[in-house]
**Q** 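Below you will find the structure I want to go over with you.
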Amino acid sequence: MIMRFLHKFSSPPYFYSISGRLLPWLTLLFLALLAYGLYGGLVTAPADYQQGDSFRIIYVHVPAAWMSMFIYVVMAVSGAIGLIWRIKLAEIVSISSAPIGASFTLLALITGSLWGKPMWGTWWVWDARLTSELILLFLYLGVIGLYSAIEDNRTASRAVAILALVGVVNIPIIHYSVEWWSSLHQGPTVTKFAKPSIHIDMLIPLLVMAGAFKVYYAIALLLRCRNELVQREQGSRWLGEILENK
Amino acid sequence: MSDFLHMGGYAFYVWTSYGIAFVVMLIGVIKPLLVHKQQLRGLKLKRQRGQR
């Protein structure tokens, strides 16, 4: 049942039409989550007892950092699926994720810098957390560069999948960097097994913003996948039919 | 309201963070939308030329 659905979903014409119908609903959901998260984070959450209002950067910094790692894993896993089963849509999901992941990594680094300056007194330190996140950005840029350097899409996808899979080692390093090495960066407050050490009024907007960023990823991913699909399937009959009905 | 904008003295850091995030995420959807429009226009032209 699930396999049959996945098989149908991964057929290009079906994916194209269903993603077109999904996008407006996803946009609506994103805007609702964003509005709630921003209100909660900027207005109702109390100021931090140590960091004052500067801690509110958390509501863009942490979701962006989470997404930078989540998207990398999606990119690597779908790359592997494309590598093993030669599913076209998996290849497309993998390469379409790269620029979105890169922009979230960039956001995590920039907002982290803007948070570090008033709290640590410096824009940047070469410590484990910051450096491994910077390496993540270079991995994304490497994937994008490698893909565009190889003419044939399918060969390029295979090469990129291998690079992405090798780079997966960096993900646990980023996560545990604040525990393995001493760092200016604070330890995990939410993603740990013990009770999160953050006040509930601060935590809920953070989780809502994380949800909003996830939905944003879905939107940006669908948009990019559609473009990549059109690019690859230029001469196909189903695309011709869509053009005629427009 | 001005208290809100002031952000306890951290206005520059907080609002720059939110501003950059807003711009980056907006570009992240606008750009693929524009590309899609161009693609469809290009393909339509190609087909029309092919039919003649």
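Each chain gets a letter, A, B and so on, in the order its sequence line appears, and its residues count up from 1.
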**Q** A:L38 and B:Y18: side chain to side chain contact (heavy atoms under 4.5 Å, CB included), yes or no, with the steps?
**A** CA-CA 10 Å; A:L38 283 178; B:Y18 280 80; 3.6 Å; yes
**Q** Name the region of A:F55, side chain, backbone, both or neither, that has any atom closer than 4.5 Å to a heavy atom of chain B.
**A**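 Neither the backbone nor the side chain of A:F55 comes within 4.5 Å of chain B.
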**Q** Could you measure the distance from the CG atom of B:L43 to the CD atom of A:E233? Nearest 0.5 Å is fine.
**A**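 Rounded to the nearest 0.5 Å, the CG-CD separation comes out at 11.5 Å.
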**Q** Tell me whether the count of non-hydrogen atoms from other residues, nucleotides or ligands lying under 6.0 Å of OH in A:Y147 goes above 12.
**A**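 Enclosed: over 12 neighbouring heavy atoms sit under 6.0 Å from OH of A:Y147.
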**Q** Of the non-hydrogen atoms in B:G28 and A:A220, which two are nearest, and what is the gap between them?
**A**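 Reported closest heavy-atom pair: O-CB, 4.2 Å.
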**Q** Which residues in residues 106-127 of chain A have a heavy atom less than 4.5 Å from any heavy atom of chain B?
**A**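 Against chain B, the residues of residues 106-127 of chain A that fall inside the cut-off (heavy atoms, under 4.5 Å) are A:L107, A:I110, A:T111, A:L114, A:K117, A:P118, A:M119, A:W123.
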**Q** What pairs with A:R129 under side-chain hydrogen bond (donor to acceptor under 3.5 Å, both in side chains), at least two apart in sequence or on another chain?
**A**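 Counting only residues at least two positions away or on another chain, A:R129 forms a side-chain hydrogen bond (donor to acceptor under 3.5 Å, both in side chains) with A:S177.
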**Q** Answer yes or no: are there more than 12 heavy-atom neighbours, outside B:F4 itself, under 6.0 Å from its atom CZ?
**A**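 Yes, enclosed.
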**Q** With only heavy atoms counted, which part of A:Q51 is less than 4.5 Å from chain B, the side chain, the backbone, both or neither?
**A**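 Backbone of A:Q51 only, per the 4.5 Å heavy-atom cut-off to chain B.
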**Q** Could you tell me the separation between the CE atom of B:M25 and the OH atom of A:Y217, rounded to the nearest 0.5 Å?
**A**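 If I round to the nearest 0.5 Å, the distance is 13.0 Å.
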**Q** Taking non-hydrogen atoms and a cut-off under 4.5 angstrom, which of residues 133-146 of chain A neighbour chain B?
**A**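 Hits under 4.5 Å: none found.
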**Q** From B:H36 NE2 over to A:L223 CG, what is the distance, rounded to the nearest 0.5 angstrom?
**A**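 The distance works out to 8.5 Å.
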**Q** Give, as side chain, backbone, both or neither, the part of B:Y13 having an atom under 4.5 angstrom from any heavy atom of chain A.
**A**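 Both backbone and side chain.
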**Q** What's the shortest heavy-atom distance between A:D53 and B:G8, and which atoms?
**A**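 The answer is OD2-N, 3.2 Å.
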**Q** With respect to chain B, which residue among A:L42, A:I100, A:L239, A:V43 yields the maximal number of heavy-atom pairs within a distance under 4.5 Å?
**A**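 It is A:L42.
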**Q** The criterion is salt bridge (charged side-chain N to carboxylate O under 4.0 Å, His left out); which residues satisfy it with A:R232, sequence neighbours excluded?
**A**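 Partners of A:R232 under the salt bridge (charged side-chain N to carboxylate O under 4.0 Å, His left out) test: A:E91, A:E228.
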